[in-house]
> 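The structure under discussion is supplied below as structure tokens; questions concerning it will follow.
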There are 2 protein chains.
Amino acid sequence: MIRIVLADDERMVRTALRVILDAEPDLEVAGEASTGAEAVSVVRELRPDVVLMDVRMPEVDGIRATERILAPAPEPAPRVLVVTTFENDAYVYDALRAGAAGFLLKRAAAEDLVAAVRVVARSDSLLYPAALRGLAAAYARHRPAAAPAWVARLTEREAEVLRLMATGLTNAEIARRMGVGPATVKTHVAAVLAKTGTRDRTQAVIAAYESGFIAPAGPGA
Amino acid sequence: MIRIVLADDERMVRTALRVILDAEPDLEVAGEASTGAEAVSVVRELRPDVVLMDVRMPEVDGIRATERILAPAPEPAPRVLVVTTFENDAYVYDALRAGAAGFLLKRAAAEDLVAAVRVVARSDSLLYPAALRGLAAAYARHRPAAAPAWVARLTEREAEVLRLMATGLTNAEIARRMGVGPATVKTHVAAVLAKTGTRDRTQAVIAAYESGFIAPAGPGA
DNA sequence: AACCGTCTCCGCCGTGCGGGGGAGGGCCGG
DNA sequence: CCGGCCCTCCCCCGCACGGCGGAGACGGTT
């Protein structure tokens, strides 16, 4: 029997989860909490196998609550499955760093939820969303960086235009910056869109970032 | 009915997987391949929903095969679930970078395999092993990143819109994706532009990248 | 000399986008 | 109970943008 504690500030959500989980013969919802602080104490008291932890909660959020639950790291620490509505990358990283066993989107189907609980209870880990792509990309930045085919096909001028596009300039500003006419810039932009297979400047800039043609020049990174 | 293609060089393994999967009423093994090259052609021909891809195979390994399958990226690309015996971190990274939907250890229980197939078929992603810990830990070390002040000020809806903007969608497409009216999206976009201090969607997307609000991902996205 | 790619510019035209308003409903905290 | 925030949606307007076709000039290749 897998004993579970639910931590979510919305009663509706907790009820829905409870209904889903209690329907399974091998799962049992042992307790609930509506705040992060409450979650910590409830878990300490009930010592469940799995904790379903919402990220956004009053007082103490799910990440901090997870840290506090897993920080003592005594005997059999419960497995924390972090649940949230969106796939903000930062949440995934923070949750994992806090020691969470997995990450689950609220829009997952009921059977996925049940499967996830069983999986983490068996002490394996489970991740979920597309945020994983970010993880892989982060690794990719440390090692190789295969430029896509279209980079080579861009002419010097077109590459220059794309770089300026990626700084958020309008065509007119790019024209002034490059000392050419606006019509010329439009031509180059059109060429960039065609060669990158994108339909507008926004998609082109995204392609530039995704391909590593330009790197996010973060303050520390 | 979820149609599956198995790619593994060992007949025994393929048979075992087939037995497990075919026992499920909603799963069907449509084809098999014993090399990476064969996997590519079989998948192209059968167009399955899910591909169970072994990493270590003769001729072309599972990672490259995955790349070739997902590179064209046509309409409904199959979901590739990479299977391996080891939890070598590099495999995880490479698999994800190649666009794999998930990563699965061979020592996973049968029901986990089935659950994983169903999950990825529903077009979500799933990871598995303890190797994730290393992944997350490694990433956490490399991540200085502090989200800029404006991230916190974005409402849930606005953040959602910004994420979709950063995938290159137009307002109309975002509206459809979110199930709201175009006018509503425009309102949110305007709010995002105001809060991020940008003047158009391109600059907003750039800000999202530069701030780490969204991370550059692989091509398979 | 003919050819091609690149860079430079010019129109026209449809439209996606962003700015400026306003409006109603839900929910929460004071 | 009311003010404030959020979400939802509407109007009009101006404009930058992107698609289309055309043009002249330079350099290199054939």
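First the proteins, then the strands, lettered A, B, ... as listed; each starts at 1.
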> Grab the CG-C1' distance between A:L154 and C:dT6 for me, whole Å please.
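Rounded to the whole Å, the gap is 13 Å.
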> Roughly how far, to the nearest 0.5 Å, is NZ of A:K195 from CD of A:E158?
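Here the interatomic distance stands at 3.5 Å.
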> For B:R201 and C:dC17, is the shortest distance between a side-chain N/O and OP1 or OP2 below 4.0 Å?
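Checking B:R201 against C:dC17: at least one side-chain N or O falls below 4.0 Å of OP1 or OP2.
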> For the pair made of NZ in B:K195 and C1' in D:dC7, what is the distance, rounded to whole Å?
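Interatomic distance, NZ of B:K195 to C1' of D:dC7: 12 Å.
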> Roughly how far, to the nearest 0.5 Å, is the CD1 atom of A:I214 from the CD1 atom of B:I206?
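Nearest 0.5 Å value for the CD1-CD1 distance: 7.0 Å.
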> Could you state the atom-to-atom distance from CD of B:E156 to P of C:dC28 in whole Å?
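Going from CD in B:E156 over to P in C:dC28 covers 14 Å.
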> Atom CD1 of A:I174 to atom P of C:dT8: distance rounded to whole Å?
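Atom CD1 in A:I174 sits about 13 Å away from atom P in C:dT8.
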> Rounded to the Å, how far apart are B:R199 CZ and C:dG20 C1'?
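Rounding to the nearest Å, CZ of B:R199 and C1' of C:dG20 are 19 Å apart.
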> Among the nucleotides C:dC7, C:dC17, D:dC17, which one has an atom lying closest to any side-chain atom of A:T155?
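Of the candidates, C:dC7 comes closest.
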> Please tell me which of the listed nucleotides, C:dG19, D:dC17, D:dG18, lies nearest to the side chain of A:K186?
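Among the listed nucleotides, the one closest to the side chain of A:K186 is D:dG18.
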> What is the separation between atom CD on B:Q203 and atom P on C:dC17, rounded to the nearest whole Å?
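Computing the B:Q203:CD to C:dC17:P distance gives 16 Å.
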> For the CZ atom on A:R199, are there more than 12 heavy atoms of other groups (residues, nucleotides or ligands in this structure) within a distance under 6.0 Å?
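Atom CZ in A:R199 is crowded, with more than 12 foreign heavy atoms closer than 6.0 Å.
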> Using whole Å, what does the distance between atom C1' of nucleotide C:dT6 and atom CD of A:E160 come to?
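These atoms are roughly 15 Å apart.
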> Pick the closest DNA chain D nucleotide for A:T202 and for B:V185 by heavy atoms, then say which residue is nearer the 5' end.
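That would be B:V185.
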> From the set D:dC7, C:dC10, D:dC17, return the single nucleotide nearest to any side-chain atom of B:R157.
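Per side-chain heavy atoms of B:R157, the pick is D:dC7.
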> Please report the interatomic distance CD(B:Q203) to CG(A:L169), rounded to the nearest 0.5 Å.
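Going from CD on B:Q203 over to CG on A:L169, the span is 7.5 Å.
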> Quick check: on DNA chain C, is the nucleotide nearest A:E158 upstream (toward 5') of the one nearest B:N171, or the reverse? Name the residue that is more 5'.
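Residue closer to the 5' terminus by nearest nucleotide: A:E158.
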> Can you tell which of D:dT8, C:dG19, D:dG18 lies closest to the side chain of B:T184?
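The closest nucleotide is D:dT8.
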> Closest to the A:L193 side chain: D:dG19, C:dC7, C:dC9?
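Within the option list, the nearest is D:dG19.
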> Given C:dC9, C:dG18, C:dC7, which nucleotide is nearest the side-chain atoms of A:V180?
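The closest nucleotide is C:dC9.
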> Examine C:dT8: is either OP1 or OP2 under 4.0 Å from a nitrogen or oxygen in the side chain of A:H188? Give yes or no.
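A:H188 to C:dT8 OP1/OP2: side-chain N or O found under 4.0 Å.
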> How long is the span from the OG1 atom in A:T170 to the CG atom in B:D200, to the nearest 0.5 Å?
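A:T170 atom OG1 to B:D200 atom CG measures 8.5 Å (nearest 0.5 Å).
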> Among the candidates D:dG18, D:dC10, C:dG18, find the nucleotide nearest to the side-chain atoms of B:D200.
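Nearest listed nucleotide: C:dG18.
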> With distance as the sole criterion, do the side chain of A:T187 and the base of C:dC7 form a donor-acceptor contact below 3.5 Å?
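A donor-acceptor contact between them is absent.
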